[in-house]
Every structure is written in C-alpha cells, then in structure tokens.
Amino acid sequence: MSTVVTTPPTKLQPIASRERGSTSRLAGFATLSRRRFSLSAHTPREIFVPLLTPILFAAVIAPALAKAMTSGGPIDYLSFVAVGTIGLLVPLSCVLGGIGMIVDRESGAQRDLLAAPIPRSTMVFGNLSVSLAVSCFQVAALIVVAVLRGATFSTNFSGIAWMVTATLGLAIAMHSVAEVLAARIPKQEEYVGVAPAVALVPWFFAGSFFPISAMPAGLTAFAKVLPVTHALALMRYGLVDHSGRGLHDIWGMSNTTAMAALSLGVVVGFAALMVAVSVRVFSRTAIH
Amino acid sequence: MSIGRNGRAHGAPLAIEVVGLRKTYPGGVEAVAGIDFTVFPGEVFGLLGPNGAGKSTTIGMLTTTVAPTAGTARVAGFDVVDDPIGARRASAVVFQEAVVDGSLTGRRNLEIHARLWGVPRASARTTIADIVGRFGLSDLVDRPVDTYSGGQRRRLEIARSLVSEPRVLFLDEPTVGLDPRIRYELLDLIGDLRMENAMTIVLTTHYLDEAERLCDRIAVVHAGEIVALDTPTALLESLGPEILELRVGADVDALLSYLRVHGHAGDDAFAVGTTVTVPLRGQSARGVIDRVEEFGARVTATTTRPPSLDDVYLRLTGTRLAA
C-alpha cells in the first residue's frame with residue numbers, strides 16, 4: 001500500500017472569519033444546568049418518586065413509631081425521625097439522578113456536549129446544580145409534610161444555617177458519588193442494582209431511627225466515619241436538638257459548637273473530596 | 001485564491017493539519033495507525049472506508065472527544081491537545097449516531113447548542129430562524145424531537161451544527177441508516193452548504209457515491225491508514241478510462257502473473273475471488289480475453305466499463321466497500 005498525496009483542489013474559498021467571544025465558564029454552566037432542568041421537567045418522576053418513600057416515612061411510619069416508642073424525653077421522636085428521613089431522601093434522590101448521566105452517555109448526548117467549547121468539568125457542575133436544587137425542593141417538601149403531621153422544628157437563624165449547610169454538603173457529596181458511579185458503571189440496569197445499596201445502607205447505620213450510641217460499639221464506631229451520620233447530627237442540632245446529643249455521641253466533647261464545626265468539616269471535606277474525584281473520573285472516562 | 005508553497009492559503013491557516021496521528025485503544029486495538037493529511041479552507045474533504053477503518057476515531061480525535069495516542073492535529077490552527085477548547089470553538093460535529101435531546105423541542109436543542117458555542121442571544125434567534133427555514137424545519141421545530149422521523153432528526157442535527165457558524169464542520173457518516181429518498185435529500189442539503197457557506201467540511205462515509213458527489217478530495221482509509229489521497233477524478237484516472245472485468249474458472253493469481261508477463265496487465269490490475277480486473281489503457285478487451293483463453297482459463301463473464309471508486313478502493317485494499 002502506498003499513500004498518494006497530490007495537489008489541493010483549485011476551488012478554494014478563504015476560511016471564514018467568525019470570531020466570537022468564548023463561552024464563559026458561567027454561561028456554559030448555566031446552559032448545562034438549564035438543559036438538565038428541562039430534561040428533568042420532562043421526567044417529573046425523577047423528582048417526585050424519590051419523595052414518596054421519605055414522605056410516607058415522615059407521614060405514616062414516623063408517627064406510628066413515635067406513638068409506640070414514647071420516651072418522654074426532651075425531643076419528640078416524630079421530629080427526630082423526620083430529620084433522619086432526610087438522610088434517606090437526599091442520597092436516594094442524588095444517586096438515582098445518576099441514571100440521567102448514563103442515559104446521556106448511552107444516547108450519545110454526552111459526546112455531543114463533550115464537543116462543545118467548554119471545560120469538561122462544567123458538565124459535572126451543571127448536573128450538580130440541578131441535583132442540589134432538586135434536593136432542596138424535596139427536603140422542603142418533607143419538612144412541610146412532617147410539620148403538618150405534628151413535628152416541631154426550631155427556626156432560629158443559626159439552626160437553619162447548620163441544617164442548610166449540612167443538607168447541601170450531603171447533597172453535593174452524594175451527587176458526586178453518583179457521578180463517579182455513573183462514569184464507572186456501563187449499563188443502566190447495573191446502576192439501578194447498585195444505587196439503592198449506596199443510598200440506603202449508610203442510612204441504616206447513621207442514627208436515622210435511633211441514636212448511634214444505642215448500637216453495639218463496633219457499629220457505633222462504623223457510624224462515626226459515615227458522613228451521613230455527621231450530616232444528620234448537624235441537621236438535628238440545627239432543627240430539633242440544640243444540646244447536640246447526636247454530635248456528642250460522635251465526638252464525646254463538651255463544646256457543642258466545636259463538635260458541630262468538626263462534623264461540618266467532615267461533611268464539607270467529604271463533599272469536596274468527592275467533587276474532585278467525580279471531575280477527575282468523569283474527565284478520564286468520558287474521553288477515550 | 002492561491003495556495004502558497006507550504007500549502008497554506010495566504011493569510012489563513014490550514015483548516016486541518018494532521019501529522020502522524022495515531023490511536024491505540026486499551027487492549028492494543030490500533031484504530032488509527034499514524035496518518036497525515038491537510039484540509040484546505042473551504043474544501044470538502046472525504047474520509048472513505050468501510051466500518052472499522054478508523055474514520056470515526058479520526059473524527060473523534062479532531063473533535064477532541066477521543067484522545068490521540070501519538071501525533072498532532074490542528075483544527076483551524078488550534079492544536080487539539082494543547083488548545084482543545086479553541087479547536088472545539090472553531091468547529092462543530094454531526095456524529096454518526098443521533099445525539100439530540102429527544103424530550104426537548106427542536107428549537108430548545110438549537111438554543112442549547114447556540115449558548116454552548118457562545119452565540120449571543122440576539123444573533124442566535126436570527127440564525128436559528130434562518131436555518132430552520134432553510135432546512136424545512138419550520139413546522140417541526142417547536143415539537144419534541146422524539147416525534148421526528150429519522151430524516152427530520154438528521155436534518156435538525158445538521159441544522160444545529162450550523163447555528164454556531166463553524167469554520168470546520170465534521171459530518172460523521174451523516175446519511176447512514178436513512179432510506180434512499182431521505183439520503184438523497186440530505187446529500188443535496190450538504191451540497192448546498194458548501195455552495196452557500198465558506199465552510200470547510202470533513203465528511204466520513206462508506207458510500208462511494210456520496211464521496212464522489214460531494215468531496216473535493218478523498219482520503220481512502222483502510223485498517224487505520226490512508227492508502228490514497230486525491231481528487232475523485234484523479235483517483236478514477238489512476239485506473240484509466242476503461243477496465244475489463246473477467247470472471248474466470250482458474251487460479252486468478254497465476255492468470256494475473258501470466259497477463260503481466262505478456263504485457264496485457266500492469267501493476268494496477270488486480271484480482272479478488274474469481275474476478276480479475278484489468279485496466280485496458282488503450283488495448284482491446286478482445287486481445288486480453290484471447291490471452292486469458294490462451295492461458296487455459298474458462299471465462300464465465302466479461303464486462304468492460306469505466307472504473308468506479310469501488311475499483312480504486314479494491315485495487316488499494318483488496319476489499320470491496322459496502323454499496
């Protein structure tokens with residue numbers, strides 16, 4: 001075989017000058033966020049289905065448990081479990097959101113976006129923004145249902161700030177976990193098999209139904225390393241228990257604010273780590 | 001427009017410049033085995049070859065969606081490894097598989113593309129309105145893409161790629177899987193693009209008629225290598241004005257050697273299966289057939305005809321392209 005290269009064609013036109021400003025990171029991010037919102041809006045089950053289980057929990061199971069396990073303590077069990085339910089809702093919603101990323105890859109849409117003149121990390125952050133927005137909406141809906149059912153939450157500024165920060169940190173971390181899984185798992189079917197385990201298993205150990213100190217010592221130690229345990233302790237500290245018993249069960253210190261700061265550090269640190277990992281994994285797996 | 005000694009149009013960079021480009025996938029599969037070519041501004045350049053020849057991988061590397069293993073490539077002057085965003089900003093691509101968001105409307109798909117490529121909102125509206133009209137999408141554009149037929153979806157994809165007015169447009173097997181009528185409509189459309197826009201088009205195809213009809217130059221790709229690169233006319237002329245095709249009941253390689261020894265066939269004659277193809281180059285077909293019979297081969301069918309790109313491809317690779 002030989003390569004034959006000859007003269008160029010004679011009918012050539014000058015390359016057209018179509019200089020235009022580059023797509024800013026923000027514009028690319030906003031466009032990708034809107035795209036993901038538009039796609040989610042066409043499949044509302046992505047938003048509402050993950051709500052069903054936690055809302056049923058908050059509206060039906062938690063009150064029943066509260067009734068059966070009345071302790072007479074300073075925290076009503078209904079409010080305790082309602083916050084614990086956020087530890088199910090946010091991971092479940094974020095992890096199921098990973099299916100959209102696999103659909104993008106399987107449909108070829110991801111490849112098209114990869115050909116756009118924007119940094120590849122923008123695609124990860126575009127998905128993340130939607131995941132955060134959906135999580136916030138779902139948590140707000142859950143709290144409203146819990147209040148309607150009789151839960152009582154503190155509404156001072158610092159309490160809400162702890163709660164919101166912990167929720168956002170947990171959502172960022174779980175979305176990033178979903179992004180990593182979606183990048184590594186080739187098929188939707190396989191992903192659907194893995195997702196519940198990733199979203200649910202930590203929740204059972206994280207003090208969702210009962211304080212982690214009620215578990216055997218080994219399981220308590222395991223619970224302490226789970227970011228969702230720290231997130232739930234922070235949420236309860238902010239909304240239902242300003243004495244920070246959940247934080248004390250983790251850290252065993254006397255300064256509640258310091259314990260809250262440490263737990264927030266765990267949640268934020270885990271979220272930051274997972275974001276970095278998700279961007280790296282996406283960039284490495286999306287480009288062959 | 002004149003071309004300088006270095007192959008560049010005066011004052012303008014080459015649209016595409018590829019040197020030693022190679023891609024080996026994990027597992028050792030060498031999809032592209034070190035290719036070199038240049039594409040000039042305003043040219044329609046074809047990569048012609050069968051499935052698996054390395055055409056789509058080449059497009060993938062030029063659109064920065066596949067990382068090269070070795071070599072360099074520049075798109076509109078931007079190195080695809082060192083400045084991938086620059087290369088992507090200057091180009092657009094229509095991939096082989098449909099990649100529009102089916103649940104969104106056609107218009108939404110066009111708008112998203114415009115925003116991602118940094119087209120200002122006002123000019124995006126004007127451009128979209130213009131393109132939608134030109135591509136006959138006016139009645140469809142506000143419907144979800146899931147309701148489009150295959151041809152309509154393909155038209156939308158090509159329209160979308162034009163919203164950013166790319167300097168270089170990559171079309172990766174744009175008509176594959178379409179029925180013949182829609183395929184010919186699309187070919188007209190692509191042909192019109194080069195008439196109306198000063199745009200460089202790189203087209204991959206395994207359809208010979210597409211390559212011949214649309215391309216200024218064609219690179220014939222086989223097993224990850226470019227085995228010939230020339231204008232369609234020059235490629236066809238490499239086999240002369242007429243060829244003789246003989247189906248014979250004999251050892252075709254021995255027959256070919258025999259014809260060469262006796263001066264009836266040159267190096268450009270070739271044999272595949274039981275068929276021997278001999279460029280006639282002025283000699284009579286009867287003379288060649290007589291010599292074949294003299295060899296002792298039974299001739300079961302003969303055809304004389306002008307050569308096609310399929311013959312060129314066959315001579316270069318020993319493999320027939322899918323029709």
Measuring from A:Arg280:CZ to A:Arg120:CZ, what's the distance to the nearest 0.5 Å?
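Atom-to-atom, A:Arg280:CZ and A:Arg120:CZ are 15.5 Å apart.
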
Can you find a pair of side-chain heavy atoms, one from B:Arg115 and one from A:Arg34, that are under 4.5 Å apart?
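In contact.
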
Is the closest side-chain heavy-atom distance between B:Val163 and B:Trp117 below 4.5 Å?
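They are not in side-chain contact.
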
Ring geometry between B:Phe45 and B:Phe37 (parallel below 30°, tilted from 30 to 60°, perpendicular above 60°):
parallel

Between B:Val100, B:Thr65, B:Leu235, B:Val220, the one whose heavy-atom pairs under 4.5 Å with chain A are most numerous:
B:Thr65

Which atoms of B:Tyr25 come close to chain A, meaning under 4.5 Å heavy atom to heavy atom: side chain ones, backbone ones, both, or neither?
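Interface part for B:Tyr25: side chain.
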
Engaged part of A:Ser107 at the chain B interface, taking heavy atoms whose separation is under 4.5 Å
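A:Ser107 touches chain B through backbone heavy atoms alone.
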
